[in-house]
J.: 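Encoded as structure tokens, here's the structure I'll be asking about.
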Amino acid sequence: MSETVKYTDFIRNIIDKDLAQGKNDGRVHTRFPPEPNGYLHVGHAKSICLNFGIAEAYQEHKALCNLRFDDTNPEKESKEFAKAIQEDVKWLGFEWNGEVRNASDYFEDLYGFAKQLIEKGFAYVDESSAEAMAKARGNFQTPGTESPYRNRPIEESLQLFEKMRAGEFADGQMVLRAKIDMSHPNMLMRDPVLYRIKRMHHIKTGDKWCIYPMYDFTHCISDALESITHSLCTLEFEVNRPLYDWVLDHLDIPARPYQYEFSRLNLAYTITSKRKLTQLVDEKLVDGWDDPRMPTISGMRRRGYTPASIRNFCKAVGISKVNSVTDMTLLEDNVRHDLDATAERRMAVMDPIKVIITNYPEDKEEMLTGKNHPKNDEMGTRVLPFSRELYIDRADYREEANKKYKRLVKGGEVRLRNAYVIRADEAIYDDKGEILALHCTYDADTLGKNPEGRKVRGVIHWVSAKHAKPALIRLYDRLFKVDNPGAMDNFLEALNEDSYSEQTAMVEASLLEAQPETRFQFEREGYFTADRYDHSSDKLVFNRTVTLRNSWTD
């Protein structure tokens with residue numbers, strides 16, 4: 001996959017300017033650096049499309065994009081998350097440069113650079129408690145106060161740091177801090193912690209380390225070690241940029257990347273906080289990280305969103321330095337647009353009532369033909385069995401109706417999609433007043449042509465009762481019923497109790513051949529996808545991906 005249209009935004013403008021000036025030896029090298037502490041969500045999709053998209057757009061400069069896990073916090077990271085992230089990036093249509101990288105690959109280098117800062121007098125070991133350090137940091141109105149350990153001898157800090165690595169101190173007993181400026185207006189620059197003691201098993205390095213570097217120290221050095229030219233972060237990291245620059249400016253390191261920030265993707269009616277998404281999973285309020293209602297890439301994939309629709313959505317949102325909230329409708333419209341062109345058509349009756357065609361021979365069957373797509377003959381045709389008994393949707397029949405109702409009315413006619421015109425003669429009811437069946441007659445001279453002397457306005461879908469197969473239909477809607485659940489004191493109160501339901505439908509027998517993750521338009525119903533895990537020829541399971549049109553109202 002490659003960009004066929006030249007897109008312009010302020011980041012690409014920066015890259016163009018750098019190339020024109022010969023900066024970075026004419027190279028363009030980006031990276032996507034997630035922490036493996038959860039599944040990727042729709043916000044990450046924007047960053048993926050930007051970083052990998054730039055690598056594709058600047059192929060004439062042999063641009064590259066790395067995938068690197070910032071795995072510096074072993075407490076919350078797992079191999080499951082790392083595997084899911086790789087699958088998501090590939091599913092979106094991107095390939096990273098070389099092997100997957102990990103910040104942990106550089107732990108030895110990072111330790112050496114930390115010692116270098118100590119030796120230069122720019123870092124020290126602090127034995128203050130976490131509470132004391134927090135209090136001494138001050139606030140936005142009050143400058144911080146220096147730690148009593150700030151000016152300890154360089155050799156003493158070096159020895160203590162080596163003992164920290166050797167495991168001679170308890171967790172939290174001491175930390176390594178940068179020596180910057182305790183009165184700096186940016187709170188992150190007030191002697192930030194670079195290393196802490198944490199005895200946790202690491203998914204890559206096991207129990208080799210008992211000290212772990214902090215993100216702000218690790219990230220910029222990892223970028224430099226990988227010769228990244230443009231380190232692209234979302235706007236919340238703008239405050240981290242002075243520290244990013246300070247670390248690199250005070251180390252003897254060959255490469256010098258620069259950080260640039262862009263607005264994150266905020267989507268209405270959802271949340272992208274990993275902490276809150278984790279809460280939903282842990283409290284079993286959703287069916288795992290890939291629940292089709294979740295804003296995770298895995299969830300959107302299982303629901304039936306296409307990689308192209310997500311990439312196009314990210315392009316439509318654009319790249320800027322202004323935070324805003326994107327309406328969910330934009331995402332759903334991109335999904336509809338892609339599926340309208342790519343999804344084959346099928347017929348599925350969601351709430352079936354039986355139709356008995358009284359003038360059709362009981363032992364007769366016909367194999368009719370239906371186009372797989374009304375606008376694309378190259379997508380071929382399929383066989384539609386037709387017999388005396390059919391199913392139509394309960395909503396497609398009324399005893400009485402006005403002229404705006406274009407479906408089947410008692411005494412009226414309607415066309416069956418790809419088949420004949422039928423007339424409703426009689427409804428058979430049970431003792432509760434529910435329709436058991438409809439007795440209809442068909443016009444045998446209307447296959448592929450209109451009846452003589454009369455106009456039939458409506459067309460409905462159907463399936464042959466003898467040939468149809470039952471399918472479990474999972475109906476998904478938005479997980480939250482307010483546009484900004486993250487702003488609530490308790491976001492769980494905004495959960496949409498109608499976000500999931502299921503029912504059994506009768507569907508075309510051709511759907512027995514549907515493979516998992518195959519997408520269809522169920523005519524007049526919406527777009528549906530064979531479930532990635534639960535669907536098989538023995539048990540048909542389809543997830544509603546999106547309705548045919550936006551039906552959501554605030």
J.: Does any donor atom in the side chain of D181 or S183 lie under 3.5 Å from an acceptor atom in the other side chain?
T.: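 Yes - a donor-acceptor pair under 3.5 Å links their side chains.
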J.: Do F237 and Y215 have ring centres separated by under 6.0 Å?
T.: yes
J.: Is it true that E127 and R152 have a side-chain N and a carboxylate O under 4.0 angstrom from each other?
T.: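 Looking at R152 together with E127, the answer is yes, because their closest N to O distance falls below 4.0 Å.
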J.: Can you name the side-chain contact (heavy atoms from CB on, under 4.5 Å) partners of S501, sequence neighbours left out?
T.: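 For S501 the side-chain contact (heavy atoms from CB on, under 4.5 Å) partners, ignoring immediate neighbours, are L475.
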J.: Check whether the side chains of Y58 and D16 place a donor and an acceptor atom closer than 3.5 Å, and report yes or no.
T.: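 There is such a pair (donor and acceptor under 3.5 Å, judged by atom type) between the side chains of Y58 and D16.
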J.: Going by atom types only, do D126 and S147 share a side-chain donor-acceptor pair under 3.5 Å?
T.: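 Judged by distance alone, the side chains do pair up.
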J.: Between the side chains of D88 and S298, does any donor sit under 3.5 Å from an acceptor?
T.: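 Distance-only check passes for D88 and S298.
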J.: Can you classify the ring geometry of Y39 versus F81 as parallel (below 30°), tilted (30 to 60°) or perpendicular (above 60°)?
T.: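 Y39 vs F81 ring planes: perpendicular.
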J.: Is the NZ or CZ atom of R256 positioned over Y258's six-membered ring, under 6.0 angstrom from the centre and within 45° of the axis?
T.: yes
J.: Answer yes if the side chains of T529 and N543 hold a donor-acceptor pair under 3.5 Å, and no otherwise.
T.: no
J.: Examine F542 together with F528 and report whether their ring centres are nearer than 6.0 Å.
T.: no
J.: Is the closest basic N to carboxylate O distance between R301 and E517 below 4.0 Å?
T.: yes
J.: Between D171 and R196, is there a side-chain N and carboxylate O pair less than 4.0 Å apart?
T.: no
J.: May I have the list of side-chain donor-acceptor pairs in residues 158-168 shorter than 3.5 Å, sequence neighbours left out?
T.:
unit_1	atom_1	unit_2	atom_2	d
E162	OE2	K115	NZ	3.3
R165	NH1	E108	OE2	2.8
R165	NH2	E108	OE1	3.0
R165	NH2	E108	OE2	3.4

J.: Could you tell me if E77 and N37 have a donor-acceptor pair between their side chains, going purely by distance under 3.5 Å?
T.: no
